[in-house]
Amino acid sequence: MSSPTSSAPASSSGRLADEAARRRTFAVISHPDAGKSTLTEALALHAKMISEAGAIHGKAGRKATVSDWMEMEKARGISVSSTALQFEYGDCVINLVDTPGHSDFSEDTYRVLTAVDAAVMLIDAAKGLEPQTLKLFQVARDRGIPVITVINKWDRPGQAPLELLDEIIERIGLTPTPLFLPVGIAGDFRGLLRRGEEGAPTEYIHFTRTAGGATIAPEEHYTPEQAAEREGDVWLNAAEESELLSAAGQDHDQELFLAGHTSPVIYASAMLNFGVRQLLDTLVELAPPPRARKDVNGNPRETTQPFSAVIFKVQAGMDTAHRDRLAFMRIVSGEFERGMVVTHAQTGRPFATKYALTVFGRERTTVDTAYPGDVVGLVNATALAPGHTLYVDKKVEFPPIPSFAPEHFAVLRAQSAGKYKQFRKAIDQLDSEGVVQVLRNDVRGDASPVLAAVGPMQFEVMTARMLGEYNVETQLDNLPYQLARKTDAASAEELHRQRGVEVFTRTDGVLLALFSDKWRLQYIAKEMPELTLELLVAGTE
Ligand code: G4P
């Protein structure tokens, strides 16, 4: 198969390197309500994609968030689907990949984090670190993704600025290195002090509120001397805090940031659009562009090599008017041109890319060309599943995305026996999308498979979609298991004989032993140390 990039002249490879170098692909990780949707909207506002905030998000009678595509999402105010927002900012192309807002979908978030080069950890200034932030931060750390911290809602009363930073050091062991400090305590947010060498303030950025934060907040820039005159003690406090941070070694260091040891910090108010431009500038200046990715053999795939991409998300039923199935790929190397024929590494089959889109909520735009770091949705991608590879030229395959340890288990049954064919089709489809994990064993048979999930809301999505998209009414009966471990055929025989244990085969062929509780698991592991009982993804339990 020929590739448009493999035979490309040197100048084209230079252009490809330039295109890759100007990409910044990131995701926001946060606890629900920290302000992710508001921040997304504020970024879109700064990128001039929208002219007024409130156009794409707003819970108080304004238009619904564009990424709320399912009734359930709307009812619960959560976002299940992952989509990408692309915009130009200065000379850069920014790709913001959306993550689901609820911890029950942390496996989806994990998949998204395999597709980005940096993460923005968004913290509510008053609430500090919350459980979901901690969990997602752990995932970002496991994946070696550099993290930029945004302390949001500084317009509201909250903790002292340095107190929040201490919490980050103590609870997650990451050293925060503020690039900007707030001028004014939480609740009296006047602007930002820009920190320079050894914490010396280099300028004061003063913001002015606009009505409801709907438009970009005007900025005025002052020298430190002017700032001291204008703001008095409020400025001097911020300047002193900056010195204290430097004395504690909390200054930005690019290498330590890229290695995941430190995190640049920005104080902001997404709602008032304060600090949002500074975040964009930080992404451009400090966040890494797409880099080489290791393939299954550990060889790096450079961004300038022929086209290759990883699928990180599959979604069907995003639009009831289009009964299609979209697979989202993150481009790893080469140039993508719509219509090119690529190879699906898992089946070896050709895949035509006639329909390629960017999707943000209900907005769909055809993509003609894309570069490393970009996210493209492929239509009617029935064979593609999360973790799969697409490539041109010589075969390349990227490592699969590890699956999370499920903690909730239930038997799924069709209410009406007549719908069995539809029932099976729906399960196969939703299983390959990664909505839940599907487990089977000979004892239970195929008519009522067992569903396994990280969070129970995944079951709700499953049954809602079975009904909405396949017209199959189902019933779920919870099973009394709490833990799963990966095992092998030899151990499975012994485990079958144990009380409180059941062994299943997951669709990907992995043998999973389910345990009623951790004591049962501990007992068996102690009594029979020869059995194989492996954790699925470290750090999730
Ligand atoms: P999420 O996507 O992370 O779940 O959070 P979302 O943006 O929906 O924000 C959650 C709530 O926090 C919203 O209030 C939002 O307006 C508010 N918020 C976000 N950023 C800021 C900020 O910088 N300052 C202040 N003061 N509030 C902020 P809500 O009452 O749930 O909705 P709405 O009626 O305000 O839209």
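In listed order, ligands and their atoms are each counted from 1.
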> Mind checking whether Ser30 has an N or O less than 3.5 Å away from an N or O of ligand 1?
Replying inline: no
> If you measure from the Lys or Arg side-chain nitrogens to the Asp or Glu carboxylate oxygens, is any gap between Asp368 and Arg338 under 4.0 Å?
Replying inline: yes
> Would you call the rings of Phe207 and Phe189 parallel, tilted or perpendicular if under 30° counts as parallel and over 60° as perpendicular?
Replying inline: perpendicular
> What atoms in ligand 1 come closer than 4.0 Å to a heavy atom of Ser269?
Replying inline: 22 (C), 23 (O), 24 (N)
> Looking at Arg465 and Glu433, does any basic side-chain N land under 4.0 Å from a carboxylate oxygen?
Replying inline: yes
> Which one holds for Asn152 and ligand 1: side chain close, backbone close, both close, or neither close, with close meaning a heavy atom under 4.0 Å?
Replying inline: side chain
> Considering distance alone, does some N or O of Ala270 sit under 3.5 Å from an N or O of ligand 1?
Replying inline: yes
> Between Arg195 and Asp251, is the closest basic N to carboxylate O distance under 4.0 Å?
Replying inline: yes
> Between Asp374 and Arg23, is the closest basic N to carboxylate O distance under 4.0 Å?
Replying inline: yes
> Any salt bridge between Asp33 and Lys127, counting N to O under 4.0 Å?
Replying inline: no
>> Does ligand 1 come near enough to Gly35 that some N or O of the ligand is less than 3.5 Å from an N or O of the residue?
In response: yes
> Between Ser37 and ligand 1, which part of the residue brings a heavy atom under 4.0 Å of the ligand: side chain, backbone, both or neither?
Replying inline: both
> For ligand 1, which atoms, with element, lie under 4.0 Å from some heavy atom of Lys36?
Replying inline: 1 (P), 2 (O), 3 (O), 5 (O), 7 (O)
> Is the shortest side-chain N to carboxylate O distance from Asp188 to Arg190 below 4.0 Å?
Replying inline: yes
>> Met271 versus ligand 1: do any nitrogen or oxygen atoms come within less than 3.5 Å of each other?
In response: yes
> Side chain, backbone, both or neither: which part of Asp33 has a heavy atom under 4.0 Å from ligand 1?
Replying inline: both
